[in-house]
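Structure first, commentary second.
Every chain is numbered from 1, with letters handed out A, B, ... down the list of sequences.
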Amino acid sequence: MHHASFNPLPREFYTRKDVVKIAQELLGKVIYTSVENVISSAIITETEAYEGVTDKASHAYNNRRTARTEIMYMNGGHAYVYLCYGIHSLFNIVTSATSDPHAVLIRAIEPLAGIESMKLRTGKSVINTKNATGPGNVSKLLGIKVAHSGIDLCPVSESECEIWIQDDGRKVPDTEIKISKRIGIDYAAEDALLPYRFQWIKSKKAP
DNA sequence: CCAATGATTGCCT
DNA sequence: GGCAATCATTGGC
């Protein structure tokens, strides 16, 4: 049922205009990382959309361009990774076209593979394989660092890529998607209320 | 040059 | 619920 052969999402998935729709569709997709000769993977279970130049919560609000945010102006399908609070690397996926700086923040995952490496990276003896929450933790588990900012998520060959995302066939029912306002952006005034946060809350199986 | 700060986390009471 | 940790980035001087 779930196929895990190398099959990255195509560029066209990321270059669409509607970052909110893409954020929702990323639920159930699988992130793969190949760092330090280890493959890790995890299902995306929580995302947030950041809607470019019109979104007060976005780093690119009002066409703000700095060395850091320049990555957001790349074509869809690139990684935008930045350091938050001096401690945490936050992994985002750039979407839409070149010069339209949309991005999706990955906030929680369900780890699948590379669990032993995740233990080493986090220093934890137990990894939550049901729902590992927190964007800083996501990057730590998968080995994603600020140095990955700007890399292409649409690689041609498996050998030369460090991060990519696949649709491995998991269906996320609309009834299992919780939509709410985004976290930690109180400074964004009325935009802090936008329903741009998506969580896959799996229903418990019947006994 | 330099002070302020953040798309957070984990540990405290 | 409160709050400290910790530093690259940012913007102002």
Is A:R107 close enough to B:dT8 that one of its side-chain N or O atoms is under 4.0 Å from OP1 or OP2 there? yes

Using a strict 4.0 Å threshold on nitrogen-to-oxygen distance, state whether A:R11 and A:D152 make a salt bridge. yes

Please pick, from B:dG6, B:dA7, C:dC7, the nucleotide with the shortest atom-to-atom distance to any side-chain atom of A:Y85. B:dG6

Side chain of A:I87, heavy atoms from C-beta onward: which of C:dA5, C:dA8, B:dT8 has the nearest atom to it? C:dA5

Short N-O contact, A:E110 and A:R170, less than 4.0 angstrom: no

Could you tell me the Watson-Crick or G-U partner of C:dT6, where both distances fall under 3.5 Å? Say none if there is no partner. none

Would you classify A:L90 as touching base, sugar-phosphate or nothing, given that sugar-phosphate means primed atoms plus P, OP1 and OP2, and contacts are heavy atoms under 4.0 Å? sugar-phosphate

With respect to the side chain of A:C84, which nucleotide from B:dT9, C:dT9, B:dG6 is positioned closest? B:dG6

Re C:dG11: Watson-Crick or G-U wobble partner, both distances kept under 3.5 Å, found to be B:dC2

Passing candidate, side-chain contact (heavy atoms from CB on, under 4.5 Å) with A:R107, options A:I183, A:T47, A:I44: A:I183

Is A:Y187 close enough to B:dA7 that one of its side-chain N or O atoms is under 4.0 Å from OP1 or OP2 there? yes

Which part of the nucleic acid, if any, lies within reach of A:R64 when heavy atoms closer than 4.0 Å are counted: base, sugar-phosphate only, or nothing? sugar-phosphate

Rounded distance in Å - NZ (A:K140) to P (B:dT9): 11 Å

Which one, B:dA7, B:dT9, C:dT9, comes nearest to the side chain of A:R68? C:dT9

Under 4.0 Å, heavy atoms only, any strand: does A:I185 hit a base, just the sugar-phosphate, or nothing? sugar-phosphate

Spatial distance of atom CD1 (A:I163) from atom CD1 (A:I151) [nearest 0.5 Å]: 3.5 Å

Are any of A:T66's side-chain N or O atoms less than 4.0 Å away from OP1 or OP2 of C:dT10? yes

If you look at every heavy atom in A:A49 and A:R182, which pair is closest and at what distance? O-NH1, 2.9 Å

Among the nucleotides B:dT8, B:dA7, C:dC7, which one has an atom lying closest to any side-chain atom of A:H88? B:dT8

